[in-house]
Amino acid sequence: MEERYDPERIEQEWQKTWEEGRAFAAEEDSTRKKFYLLEMFPYPSGRIHMGHVRNYTIGDVVARYLRMTGRNVMHPMGWDAFGMPAENAAISHRTHPRDWVESNIANMKSQLKRLGLSYDWDREVNTSVPQYYRWEQKFFIEMYERGIAYRAKSPVNWCPRCKTVLANEQVIEGRCWRCSTDVVIDEKEQWFLKITAYAEDLLKGCDRLPGWPERVLTMQKNWIGKSEGCEIMFKIEGMDEDLRIFTTRPDTVYGITFMSIAPEHPLLGKIIAAPYRAAAEAFIDKVRRGGTKAREIEIGEKEGVFTGRYAISPFTGGRIPIYIANFVLMEYGTGAIMAVPAHDQRDFEFAKKYGLDIRVVIQPEGSAPPDPKTMDQAYEGPGKMVNSAEFTGTDSEMGKKLVIEKVVREHRGDSKVNYKLRDWGISRQRYWGAPIPMVYCERCGIQSVPLDQLPVELPMDVSITGEGESPLARNKGFVDTVCPKCGGPAKRETDTMDTFMESSWYFEKYTSPGKTGGPFDKDALAYWMPVDQYIGGIEHAILHLLYARFITKVLRDLGYVMYDEPFTNLLTQGMVIKDGAKMSKSLGNIVDPEHIIGRYGADTARLFILFAAPPEKDLEWSDKGVEGARRFLDRLWRFAYKYIDKLKTVRTSDAGDDEKSMAIRRVTHRTIRRVTDDIGDRFHFNTCVSALMEMLNSLYEADEKGIGDGQMPALRESLETLLVLLNPFAPHITEQINRELGNGPMLRQKWPVYKEELLHDNTVAIVIQVNGKLRGQVRMPEGSDESAVLAAASGDERIASYIRGRQVKKLVLVKNRLLNIVL
RNA sequence: GCGAGGGUGGCGGAACUGGUAGACGCGCCAGACUUAGGAUCUGGUGGGAUAACCUUAGGGGUUCAACUCCCCUCCCUCGCACCA
């Protein structure tokens, strides 16, 4: 054994061994319990960052631990290889996106290998190759045939900088999620996936995911945004059309004093009465100029203008003035609302501003109805209906049902559920993505590409300039095709799919990456899916995780998969921060993983990152902390080096029962218990590491007191155990020392099981409290009863001084731990 | 405003069902070895005149016993935010 710990040499050697032995290749084995462990695959940007290191290290600990417990672990890795940066790089570096991506993958792959991550590289998936995206195209066509994929003209979020359409989910506070440019609204023909048809399924599924963090589920539920209420049609005075509104408060219909409609409402042209036209149009124009920014970000003043027209209440028959209001959104509900200022804060503010009536129709439980003249805010709570004709006196919750019944009876509307969730626009006017397999024929219209002609391959001979139309639209060889139906000239769809499509089913592809006759091997899919543990950043709480759940449900309905949810357990790890801020180029606080690995070794990097914080919390990077991690490994190495020659010649099974041996063995078995508890169900890797540090500390303590030849078997057991327990965290150094001990590889080694009888000493330290305050400690045989402990405590001079001359009122004994003497 | 999660030494963080608060690591202090030490080892390290005693954001409560349970207040982070 070398005297000095040299991580670089050791790590390279073991990584080579693992690679050559295909050490982490997973195979279906129906006799073994599977575990599918997955970390979110990266975009191949070229270099890994600390966030990756953290994400993948956490996963690797779980993978290596579970393998040792006997689970058949699949731990794959791949590349989310489509997407804009490749195109941007192509423009600035004059390379082809494919080449750029490939060299990035090669580089990142070697970086991941240098971290010692135990991936099954045989299952590697690259989403940008036709063998991958051809199945996505097939799914798309099948979705089209079922009406799940459809084409529609709709206002889209357009990023002028990225020159592409963005999904609602990709617009953050009115700006592009990538480049933060203000997004503009444009009308375009787009391909959509009907995620709204799955809104209820996705929402219900949230309640069947106990292994997901509550906050992720909450975010998803919020995003889906279900609200139950009803639609009511109001007659418009002097017009044939009805005004349809959506409300969740049918119990307040007798409090309607005006109507508010969105400036984009299609009926507006007819509704606005001639004398009001100029003012109304000026207002509409003003709102429109404000754009998305003003409407969606600034919680601006509520403004509106009277249309000069009235609706008729189907309840009272009264005339209700119709206003155009800036806060009413066309995209939600019907784009028109009934306004009940007494019981809706927004309506209240609007009414106050324009001097409109306020009519109270709900009386709060146990207090008088609010007075419209003195109210300073709307009462939005429940209560008893008042001033509401035949409903007066009814409880508001019951009233909601009864009013809906009345509306239905009179054919003025129906109950209705609305969702905030919108259909997923997947068209992207970009080159580097999966082509949407559709053809436009002048004669036959939209046609899907016949399945036997898939894949529609992305052409490689393109010029990428970043100007004007997408490179695909200018590529005649690609665009010009024949209609699959009539054989006449036709043009291909030139939009590509949102890259979130590829990441919505890659985890399924890992189960049979080489399969060619279809997307998945049925048996492999049945064996491995669903993913038992998924690990990734919280930033994907909505986008990726919602889309992946959606596509899984679609694939289920298309008959490809047989489960409802793809990820049983989800762990969202925190960010890596430095000096209190997220690592970023602009802040100049980036720590390069490669540099850390080069200087301290992968084992040190892994150990630090696991030790510094529990996985779900943010991790503050500390160079000093890294040194501490390295110091621990150095200490481990030195300890092993000191005893290696003696340890080589003894057998663990010969461990003696002398006091020194027993002390060593107790520490060993107690540590097994601690680490097993923390690593298994709790994922508290930081406390695992500290338990291992404590174990090594106590071995050094034993060393200080002198370890004789008689203790060598116990010491061997201890060191071997320490190596196994530490192996998931620091796989290289542990393998190396283990080999020096003359043992075979740790890969298939069993996770140790502690021996109950070795956890206990025959005596225990019992804390003595007097009136709840700590006063001392006595050493007692295990299982001592109240009177015995009290006797011992009384014998202790310090403790006795607190009790002397006073009556013991009560004794509280916590077996083997504590005695509280109450005076 | 609504929803979720937090607030523990100089710092990162422990304390699983209420039972020795501050494990482990960093930093700091002292010492040893040494030509030197940013190497290594040993000891110390919540506050306090190291004596009483006080300490888990602050205040109250339940209990023999509270970081942990209950009530009130303050602060921080994240998500949603005119969704009718």
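Reminder, nothing fancy here: chain letters follow the sequence lines and each chain counts from 1. In what follows, every heavy atom counts, from backbone to side chain, and hydrogens, waters and symmetry copies are set aside.
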Exercise for the section: For Gly628(A), report the nucleic acid contact type (base, sugar-phosphate, nothing); a contact means any heavy atom under 4.0 Å. Expected result: sugar-phosphate

Fill in the blank from the handout: From CZ of Arg422(A) across to C1' of C80(B) the rounded distance in Å is 14 Å

Problem - Note, Thr676(A) side chain near Tyr65(A) side chain (heavy atom, < 4.5 Å) - result: yes

Exercise for the section: Considering just the side-chain nitrogens and oxygens of Ser227(A), establish if one lies under 4.0 Å of OP1 or OP2 belonging to A84(B). Expected result: yes

Practice task
Can you tell me, in whole Å, how much space there is between the C1' of C29(B) and that of C16(B)?
Solution key: 35 Å

Fill in the blank from the handout: Ranking Gly225(A) and Glu620(A) by the position along RNA chain B of their nearest nucleotide, the one closer to 5' is Glu620(A)

Fill in the blank from the handout: For C78(B), the nucleotide meeting Watson-Crick or G-U wobble distances (both under 3.5 Å) is G3(B)

Problem - Identified pairing partner of U62(B), criterion: Watson-Crick or G-U wobble below 3.5 Å - result: none

Practice task
Mind jotting down which residue pairs meet the salt bridge (charged side-chain N to carboxylate O under 4.0 Å, His left out) criterion with at least one end in residues 605-627 of chain A? Sequence neighbours excluded, please.
Solution key: Asp60(A)-Arg606(A)

Practice task
Please state whether the phosphate of C64(B), meaning OP1 or OP2, lies under 4.0 angstrom from any side-chain nitrogen or oxygen of Lys810(A).
Solution key: yes

Problem - Donor-acceptor pair between Thr196(A) and Asp423(A) side chains, under 3.5 angstrom - result: yes

Exercise for the section: Could you pull out all residues at least two apart from Glu797(A) that satisfy side chain to side chain donor-acceptor pair (under 3.5 Å)? Expected result: Arg804(A)

Completion exercise
dist Arg674(A):CZ -> Leu725(A):CG (nearest 0.5 Å) comes out at 11.5 Å

Practice task
Check whether any side-chain heavy atom of Leu546(A) sits under 4.5 Å from a side-chain heavy atom of Leu421(A), and report yes or no.
Solution key: yes

Could you run down the sub-3.5 Å N/O contacts of the protein with nucleotides 43-53 of chain B?
none

Practice task
Any strand is fair game: report the nucleotide pairing with G27(B) by Watson-Crick or G-U wobble, both distances under 3.5 Å, or none.
Solution key: U45(B)

Exercise for the section: Measure from the side-chain heavy atoms of Lys624(A) and tell me the nearest of G27(B), A84(B), A15(B). Expected result: G27(B)

Practice task
Whole angstrom is fine here: how far is it from NE2 in His684(A) over to P in G12(B)?
Solution key: 18 Å

Problem - Spacing between Phe348(A) atom CZ and C82(B) atom P, to the nearest angstrom - result: 20 Å

Completion exercise
Regarding the side chain of Val822(A), the nearest nucleotide among C41(B), A15(B), C64(B) is C64(B)

Problem - Sugar-phosphate only, base, or nothing, as touched by Val767(A) at under 4.0 Å among non-hydrogen atoms - result: base

Practice task
Pick the C1' atom in A14(B) and in U68(B), then give their distance to the nearest Å.
Solution key: 14 Å

Handout entry: Partner nucleotide, any strand, of G9(B) [Watson-Crick/G-U, under 3.5 Å]
Key = none

Practice task
Rounded off to whole Å, could you give me the NZ-to-P distance for the Lys420(A) and G3(B) pair?
Solution key: 14 Å

Exercise for the section: Determine whether Val403(A) and Phe315(A) make a side-chain contact, defined as any pair of heavy atoms from C-beta on separated by less than 4.5 Å. Expected result: yes

Handout entry: side chain to side chain contact (heavy atoms under 4.5 Å, CB included), paired with Phe234(A), selected from Ile320(A), Asp242(A), Ile322(A)
Key = Ile320(A)

Handout entry: P atoms of C71(B) and G79(B), separation to the nearest Å
Key = 28 Å

Handout entry: Side-chain donor/acceptor contact of Asn222(A) with base of C80(B) under 3.5 Å
Key = no

Problem - Atom pair distance, as rounded to whole Å: CE in Met693(A) and C1' in G12(B) - result: 12 Å

Fill in the blank from the handout: Quick note, Ser690(A) side chain, CB onward, closest among A23(B), U42(B), U20(B) is A23(B)

Handout entry: Short side-chain N/O contact to C80(B) OP1/OP2 from Arg215(A), under 4.0 Å
Key = no

Problem - G10(B) glycosidic torsion: syn (within 90° of 0) vs anti - result: anti

Practice task
Under 4.0 Å between any heavy atoms, over every strand shown, what does Glu349(A) touch: base, sugar-phosphate, or nothing? Just pick one.
Solution key: nothing

Practice task
Look at all strands and tell whether Glu627(A) reaches a base, only sugar-phosphate, or nothing, counting heavy atoms closer than 4.0 Å.
Solution key: nothing

Practice task
Could you please name the option among A84(B), A65(B), U42(B) that lies closest to any side-chain atom of Asn820(A)?
Solution key: A65(B)

Problem - d(CG, Leu619(A); P, G25(B)) in whole Å - result: 18 Å

Practice task
Select one nucleotide: of C82(B), C16(B), U42(B), the one nearest the side-chain heavy atoms of Arg682(A).
Solution key: C16(B)

Practice task
Give one of base, sugar-phosphate or nothing for Pro614(A), where a contact means two heavy atoms less than 4.0 Å apart.
Solution key: sugar-phosphate

Problem - Under 4.0 angstrom between Asn697(A) side-chain N/O and G25(B) OP1 or OP2 - result: yes

Problem - Nucleotide of U20(B), G13(B), A84(B) approaching Leu818(A) most closely (side-chain heavy atoms) - result: U20(B)

Handout entry: Any Met1(A) side-chain heavy atom under 4.5 Å of Trp637(A) side chain
Key = yes

Fill in the blank from the handout: By the Watson-Crick or G-U definition, both distances under 3.5 Å, U40(B) is matched with A32(B)

Practice task
Taking only the side-chain nitrogens and oxygens of Asn686(A), find out if one of them lies under 4.0 Å from OP1 or OP2 of A14(B).
Solution key: yes

Fill in the blank from the handout: Of the candidates C41(B), G79(B), A23(B), the side chain of Arg638(A) sits closest to C41(B)

Completion exercise
note: Arg817(A), atom CZ; U17(B), atom P; distance rounded to Å ~ 13 Å

Exercise for the section: By nearest nucleotide on RNA chain B, pick out whichever of Thr248(A) and Ala629(A) is the more 5' one. Expected result: Ala629(A)

Problem - Separation of the C1' atoms in A81(B) and G12(B), to the nearest angstrom - result: 34 Å

Exercise for the section: Send over the distance from Arg631(A) CZ to G25(B) C1', rounded to a whole Å. Expected result: 9 Å

Practice task
Compare side-chain N and O positions of Tyr332(A) against OP1 and OP2 of A84(B) and report whether any pair is under 4.0 Å apart.
Solution key: yes

Handout entry: Distance between P atoms of C75(B) and G13(B) (Å, rounded)
Key = 23 Å

Practice task
Would you mind classifying the nucleic acid contact of Asp634(A) as base, sugar-phosphate or nothing, using non-hydrogen atoms under 4.0 angstrom?
Solution key: nothing

Handout entry: 4.5 Å side-chain heavy-atom contact, Met385(A) and Asp251(A)
Key = yes

Practice task
Measure from the side chain of Phe611(A), starting at C-beta and using heavy atoms only, and say which of G19(B), G25(B), U20(B) lies closest.
Solution key: G25(B)

Problem - Pairing nucleotide - A52(B), Watson-Crick or G-U, each distance under 3.5 Å - result: none

Exercise for the section: Begin with the C-alpha distance, continue with both residues' side-chain angles, and end with the deciding distance and a verdict on side-chain hydrogen bond (donor to acceptor under 3.5 Å, both in side chains) for Thr604(A) and Tyr5(A). Expected result: CA-CA 12 Å; Thr604(A) 294; Tyr5(A) 168 45; 4.7 Å; no

Problem - Axial cation check for Tyr802(A) ring with Arg775(A), 6.0 Å and 45° limits - result: yes

Completion exercise
Side-chain contact check for Met219(A): nearest option of C82(B), G79(B), G19(B) is G79(B)

Practice task
Searching all strands shown, indicate the nucleotide that pairs with C67(B) (Watson-Crick or G-U wobble; both distances under 3.5 Å).
Solution key: none

